[in-house]
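A short write-up of the structure that comes next.
Values reported hereafter were calculated over all heavy atoms of this structure, with side chains retained and with hydrogens, waters and symmetry mates removed. Note on naming: letters A, B, ... go to the chains in the order of the sequence lines (proteins, then strands), and numbering restarts at 1 for each one.
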Amino acid sequence: MSAHDRPSPRVRFAPSPTGFLHVGSARTFIFNWLYARRNHGAMILRLDDTDVERNTDASVQSIFEGLRWLGLAWDEEYKQSERLDLHRAAAQSIFEKGLAYRDFTPAHAAEGESSSAQGAASREGAWLFNPGMRDLPREESDRRAAAGESFALRYRVPRHQDRILQFNDAVYGLQSKPADDVEDFALLRSDGNPTYHLASCVDDADLRISHIIRGQDHLTNTFKHLLIFEGLNAPAPQFAHLPLLVAPDGAKLSKRKHGPVVSVTTYRDAGFLPQAFLNFLCLLGWSPKDDREFLTTDEITAVFTLDNINRSNAVINFSEQDPFDPKAVHLNGEHIRALPVDQLAAAIAPFLAQAGFHPTPEKLAAVTPLIRERIKLLGEAPAAADFFFLDELPAYDPAELIPQISKKESGDAALALRVLTKAREVLAHTPFDHDSLDAALRAAATDLGLKPGPMFQPIRVAVCGRKNAPPLFETMTVLGRDTCLHRIAQAEAKLTTL
RNA sequence: GGCGCUAUCGUCUAGGGGUUAGGACGUGAGAUUCUCAAUCUUAAAACACGGGUUCGAUUCCCGUUAGCGCUACCA
């Protein structure tokens, strides 16, 4: 098959701006983007903003903010609300073909009455349509419309028993359903505005979307969409439905129920790298089928196919204690370690700034390699590196300075003091580079009859203010002699008052 | 209620008529090490249930159950 037989695909991401950018939406966007890139097609962003009641500007901003952070560009952009004329014209055309009818039943009034009123004659399928309205003669319909009576426009779903609707979903396979099981859904609301189904299909047809890749919650709706495309005389695109992302309780993610963890910006603000977040999201419902899990965006693009997508919902694992899926955090740690130091430094800088630290580029470049293996989220950087930037160490328990000599034997304050005093003497004239410090301090330990461990612990606590920190010699090198000597002297003072 | 989709370790997944059912995260143990981390080794941990088909089903078919989705003049 030549390139001419296969026009390049056009895919779209069509969020409705009724909230922030949701992780599930982000994944849908990513899968569309991957498909477009993989197949050299076009990625289209369309804001499906037909629900005037619920749309907000803040939401539009949040969506753009989230997508910008992901760093995946799109090629074309549209706003559904600017295409209303097209939708209404399409509705008119479907109506003229006799494929739709006016339903004058007042909105929200149709609720309970049909079931009891119709009796046995209507089968139990009264929900399918409103028989009185579906069969209303055209003249009467026109007269009532002309008189200003408001109506919704409904699709006249074919009712011959043998009419089967079907399509081949790229993920779920052949889907088919008797048209008889599809209700006469609305195309136009009584205020004249298009419904989601109409607007979406009209735009998909007009924008010549070739592949609709979207959440599985639309799988059943697709039968309606097939009917609309048919009414539009447009070929139906290829469909690919994605398994849903759900919360640990199995329910679909909602802000009200699950809080800010469903928003993309929460991940950004906690210090996820966009490529790590993307890596994680792709692994939910898709797999490269080999045992790789750490993948760059390019690597994913290279092997991404629709038929490697699963059919069952994926749980995104989080809790109050652990707001992020442990696997997402782990992958982020891997991506952090994979990043060149200068890029990591640049990524960390804003998080340090937020904590009030504004190191020089040189110092930042020196500190970054010391913490890169110790953080899994960029947001952990300030806490991991504070002592590099603080003039005065935060208060710590002087007891921390007392070294553990062996598993069961603990030293005392006198020992700690001897260590620190010795260290201060040695450090006063040792060159501040890794190897010199290493040699000098180990020799000092031998002098005191100590193993390296018990020797280094008091120094580490004195210099960093805590027991757990990056390797000692590198740390001291970055801190410099003056700071180290000063902090050791302070520690000695703490010990004498103990 | 109707219609539809789904079902492998706690979670994400690979696999597929005959396998020690593989990997990853997390958890436990160990190694390494100046602490922590990183790294390496290792352990525990799964085919929802019931019927078929078959010499043989976790795998194919049917049913049950469970979960989810749709069933709006929301998207």
Would you check if there is a donor-acceptor pair between the side chains of [Y] and [X] at a distance under 3.5 Å?
{"X": "A:Asn310", "Y": "A:Ser312", "result": "no"}
{"X": "A:Asp322", "Y": "A:Ser319", "result": "no"}
{"X": "A:His218", "Y": "A:Asn221", "result": "yes"}
{"X": "A:Thr222", "Y": "A:His241", "result": "yes"}
{"X": "A:Asp48", "Y": "A:Ser16", "result": "no"}

Counter-base of [N], judged by Watson-Crick or G-U geometry with both distances under 3.5 Å:
{"N": "B:rA43", "value": "B:rU27"}
{"N": "B:rU59", "value": "none"}
{"N": "B:rA14", "value": "none"}
{"N": "B:rC5", "value": "B:rG67"}
{"N": "B:rU33", "value": "none"}
{"N": "B:rU20", "value": "none"}

Could you tell me whether [X] contacts a base, only the sugar-phosphate backbone, or nothing, with contacts defined as non-hydrogen atoms closer than 4.0 Å?
{"X": "A:Ser190", "result": "base"}
{"X": "A:Asn193", "result": "nothing"}
{"X": "A:Leu284", "result": "sugar-phosphate"}
{"X": "A:Gly215", "result": "nothing"}
{"X": "A:Pro470", "result": "base"}
{"X": "A:Ala186", "result": "sugar-phosphate"}
{"X": "A:Phe473", "result": "base"}

| request: Can you sort out which residues in residues 11-23 of chain A have a heavy atom within less than 4.0 Å of RNA chain B? Ascending by number, please. | output: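 Within residues 11-23 of chain A, the residues near RNA chain B are A:Ser16.
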
| query | Any side-chain N or O of A:Lys289 less than 4.0 Å from the OP1 or OP2 oxygen of B:rG15? | reply |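 Yes.
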
| query | OP1 or OP2 of B:rC73 sitting under 4.0 Å from any side-chain N/O of A:Arg154? | reply |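 Answer is yes, contact under 4.0 Å.
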
| message | Taking the C1' atom in each of B:rC9 and B:rC47, what is the distance between them to the nearest angstrom? | response |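 Straight-line distance between the two C1' atoms is 10 Å.
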
| Quick one: side chain to side chain contact (heavy atoms under 4.5 Å, CB included) partners of A:Ala199, sequence neighbours excluded? |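 For A:Ala199, the residues satisfying side chain to side chain contact (heavy atoms under 4.5 Å, CB included) (neighbours in sequence not counted) are A:Thr50, A:Gln80, A:His87, A:Pro194.
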
| query | Residues two or more places apart in sequence or in another chain: which of them pass side chain to side chain contact (heavy atoms under 4.5 Å, CB included) with A:Pro471? | reply |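 Only A:Arg374, A:Glu474 meet the side chain to side chain contact (heavy atoms under 4.5 Å, CB included) criterion with A:Pro471.
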
How many whole angstroms separate atom [atom1] of [X] from atom [atom2] of [N]?
{"X": "A:Arg466", "N": "B:rC36", "atom1": "CZ", "atom2": "P", "result": "14 Å"}
{"X": "A:Ile228", "N": "B:rC73", "atom1": "CD1", "atom2": "C1'", "result": "14 Å"}
{"X": "A:Phe456", "N": "B:rC36", "atom1": "CZ", "atom2": "C1'", "result": "15 Å"}
{"X": "A:His197", "N": "B:rC73", "atom1": "NE2", "atom2": "P", "result": "9 Å"}
{"X": "A:Asp184", "N": "B:rG2", "atom1": "CG", "atom2": "P", "result": "21 Å"}
{"X": "A:Ile375", "N": "B:rA37", "atom1": "CD1", "atom2": "P", "result": "15 Å"}
{"X": "A:Glu474", "N": "B:rA37", "atom1": "CD", "atom2": "C1'", "result": "13 Å"}
{"X": "A:Leu281", "N": "B:rU13", "atom1": "CG", "atom2": "C1'", "result": "15 Å"}

| message | Both A:Arg442 and A:Asp48 contact RNA chain B. Which one's nearest nucleotide lies toward the 5' end? | response |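 So the residue in question is A:Arg442.
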
| field | Residue whose nearest RNA chain B nucleotide is more 5′ - A:Arg337 or A:Ala314 | value |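 This one resolves to A:Ala314.
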
Please list each protein N or O that sits under 3.5 Å from an N or O in nucleotides 64-70 of chain B, with the distance.
residue, atom, partner, partner atom, Å
B:rC68, O2', A:Asn313, OD1, 3.2
B:rG69, O2', A:Asp217, O, 3.3

| request: Measure from the side-chain heavy atoms of A:Asp181 and tell me the nearest of B:rC73, B:rA37, B:rC3. | output: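 Closest nucleotide among those given: B:rC3.
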
| message | Side chain of A:Ser312, heavy atoms from C-beta onward: which of B:rA7, B:rC34, B:rU35 has the nearest atom to it? | response |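 Of B:rA7, B:rC34, B:rU35, B:rA7 is nearest to the side chain of A:Ser312.
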
Given the side-chain rings of [X] and [Y], with only the six-membered ring counted for Trp, is the space between their centroids under 6.0 Å?
{"X": "A:Tyr101", "Y": "A:Phe151", "result": "no"}
{"X": "A:Phe324", "Y": "A:Phe318", "result": "no"}
{"X": "A:Phe223", "Y": "A:Phe185", "result": "no"}

Charged N-O contact under 4.0 Å between [X] and [Y]:
{"X": "A:Asp103", "Y": "A:Arg134", "result": "no"}
{"X": "A:Lys257", "Y": "A:Asp249", "result": "yes"}
{"X": "A:Asp290", "Y": "A:Arg292", "result": "yes"}

Please tabulate the protein-to-nucleotide N/O contacts below 3.5 Å involving nucleotides 45-48 of chain B, giving atom names and distances.
none

| query | Between the base of B:rC5 and the side chain of A:Arg311, is there any donor-acceptor pair under 3.5 Å? | reply |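 Under the 3.5 Å cut-off, the side chain and the base do not form any donor-acceptor pair.
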
| query | So, is the end of the A:Lys494 side chain (NZ or CZ) under 6.0 Å from the ring centre of A:Tyr396 and within 45° of the ring's axis? | reply |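 Judged by the rule (NZ or CZ under 6.0 Å from the ring centre, within 45° of its axis), A:Lys494 counts as positioned above A:Tyr396.
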
| query | After noting the C-alpha distance and the side-chain angles of A:Arg83 and A:Asp206, does the key distance pass the salt bridge (charged side-chain N to carboxylate O under 4.0 Å, His left out) rule? | reply | CA-CA 10 Å; A:Arg83 304 164 59 83; A:Asp206 183 65; 2.6 Å; yes

| query | Parallel, tilted or perpendicular for A:Phe272 and A:Tyr267, by the 30°/60° rule? | reply |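 Ring orientation, 0 to 90° scale: tilted.
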
| task | Encode nucleotides 22-28 of chain B as B, S and - characters from 5' to 3', where the letter depends on protein heavy atoms closer than 4.0 Å: B to the base, S only to sugar-phosphate, - to neither. | result | BBBSS--

